[in-house]
**Student:** 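Provided herewith is a single structure, encoded as structure tokens, for subsequent inquiry.
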Amino acid sequence: MGNTTETILADADGIARAAEILRGGGLVAVPTETVYGLAARADSAEAVARIYAAKGRPDFNPLIVHVRDIEQAEGIAKFDTVDARLLADFGWPGPLTLVLPLQPDAQITAAVTAGLSTVALRVPKHPVMRQLLSLIDFPLAAPSANRSGFISPTHPGHVLESLAGRLDLILDGGTCARGVESTIVAVRPDRQWVELRPGPFDLQNQHDVWYDDTSKPRPIPYTGSTIEAPGQLESHYSPGKPVRLNARAPEFDEFMIGFAEIGGQYNLSEAADINLAAARIYEALHLAAQSDKPRIAVAPIPEKGIGRAINDRLKRAAA
Ligand code: TXA
Ligand code: MG
């Protein structure tokens, strides 16, 4: 490891080198369609311990396991509801994470699930991550590649800013297209869907497409007081400065993040494209964090589609 962290292009040679480092228990930042992940082999206690140490992440906060396909996922989790099947068939590969009962014989080290009886699984769509997963015969534990509690990375430069010297390699696959982390849904044994984190995959909409009657309860947001999804309960995505939401205009000492007709030093999308705003929100927060303004203001973002995920992250950034 050492103090310098190398960034290499995610071409065939680069991906092969990343696979070699991961086989040896190393840490590699890998692009996904949502954010960059800090990946290590999920079957190694030592490798996974290095993720927690590099991020400064509390060990009670479990990690998402990335697999290449449903078949590999079935060796790790139980897909014993029709809903788990439907969601996996429809949502994978893509920005959807399923929390399902852990298989008793899963080759996953206990630290990955923080001792829970469930596991979070995702089949990513990004071609670099897919190519990497096809070269290795173990799943990858990968949280977002940032120090715990801070802004998530959508670009190799963000990873370097946050974790330089704390990982072995950064695979440069450019900017992440979706820009916010995957939707996380727990599918309960009674088939209730519990939305643990809003994201690019629109659960409510998909539920309405599949169930046009009222016989099946709609997805509910997680409101429990126990720490089931710790990333959702603590202050997160912090730019290290006060953040004011729903701002119409900046104060003199604020870095303004605009949207649509409300301008600013950085506009998420003048054309009010909510998907573009999602792709750019973390870049905006990184720039705001680096600016010489001591405070940050953000224009209102519509609470629809992926806008729910943006507002969820902004609320935590402001907490
Ligand atoms: O898009 C993403 O999901 C990115 C990319 C890299 O795949 N990953 C990501 O990981 O956002 P992370 O560690 O930053 O967020 C994982 C979230 C945390 O809030 C964690 O508490 C929750 O998933 N989680 C993991 N396992 C869980 C489980 N068994 N039950 C409930 N929540 C779980
Ligand atoms: Mg994270």
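Along the sequence shown, residues carry numbers from 1. Each ligand, and each atom within it, is numbered from 1 in the order the structure gives.
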**Student:** Looking at ligand 1, is there an atom of it that comes within less than 4.0 Å of some heavy atom belonging to R57?
**Tutor:** yes
**Student:** Does the pair E20/R23 count as a salt bridge with the N-to-O cut at 4.0 Å?
**Tutor:** yes
**Student:** Within the 4.0 Å heavy-atom shell around S182, which atoms of ligand 1 are there?
**Tutor:** 1 (O), 2 (C), 3 (O)
**Student:** Thinking salt bridges, do E33 and R122 make one under a 4.0 Å N-O criterion?
**Tutor:** yes
**Student:** Is there a nitrogen or oxygen of T34 sitting under 3.5 Å from a nitrogen or oxygen of ligand 1?
**Tutor:** yes
**Student:** Do any of the N/O/S atoms of N146, backbone or side chain, fall under 2.8 Å from the Mg ion (ligand 2)?
**Tutor:** no
**Student:** Indicate whether any N or O donor in one side chain lies under 3.5 Å from an N or O acceptor in the other, for T154 and E283.
**Tutor:** no
**Student:** Show the atoms of ligand 1 that are less than 4.0 angstrom away from any heavy atom in A142.
**Tutor:** 6 (C), 8 (N), 10 (O)
**Student:** Does the side chain of L63 come within less than 4.5 Å of V48's, by heavy atoms?
**Tutor:** yes
**Student:** Measure up the Y211 and W193 rings against each other and bin them: parallel (under 30°), tilted (30 to 60°), perpendicular (over 60°).
**Tutor:** perpendicular
**Student:** Can you name the atoms of ligand 1, numbered from 1 with element, that are less than 4.0 Å from a heavy atom of L196?
**Tutor:** 31 (C), 32 (N)
**Student:** Answer yes if the side chains of N311 and E303 hold a donor-acceptor pair under 3.5 Å, and no otherwise.
**Tutor:** yes
**Student:** Only heavy atoms of E181, strictly under 4.0 Å: list the atoms of ligand 1 that pass.
**Tutor:** 1 (O), 2 (C), 11 (O)
**Student:** One thing to verify: whether D80 and K78 come together as a salt bridge, which I'm taking to mean a side-chain N less than 4.0 angstrom from a carboxylate O.
**Tutor:** no
**Student:** Can you name the atoms of ligand 1, numbered from 1 with element, that are less than 4.0 Å from a heavy atom of G37?
**Tutor:** 6 (C)
**Student:** Please classify the T113 to ligand 1 contact at 4.0 Å (heavy-atom distances, strictly less than): side chain, backbone, both or neither.
**Tutor:** neither
**Student:** For ligand 1, which atoms have a heavy atom of T118 less than 4.0 angstrom away?
**Tutor:** 28 (C), 29 (N), 30 (N)
**Student:** For ligand 1 and S144, I'd like to know whether there is a polar contact (N/O to N/O, distance under 3.5 Å).
**Tutor:** yes
**Student:** Looking at ligand 1, would V99 count as a contact under a 4.0 Å heavy-atom criterion?
**Tutor:** yes
**Student:** Just which atoms of ligand 1 are under 4.0 Å from any heavy atom in L116?
**Tutor:** 28 (C), 29 (N), 30 (N)
**Student:** Counting heavy atoms only, which of H236, K55, R197 comes nearest to atom 11 (O) of ligand 1?
**Tutor:** R197
**Student:** Using 4.0 Å as the upper bound for N to carboxylate O, is an ion pair formed by E261 and R248?
**Tutor:** no
**Student:** Considering L140, N61, L38 one by one, which has a heavy atom nearer to atom 18 (C) of ligand 1 than any of the others?
**Tutor:** N61
**Student:** Using the six-membered ring wherever Trp is involved, compare the ring planes of F79 and W92 and label them parallel, tilted or perpendicular (cut-offs 30° and 60°).
**Tutor:** perpendicular
**Student:** Are side-chain heavy atoms of L285 and I257 found at a separation under 4.5 Å?
**Tutor:** yes
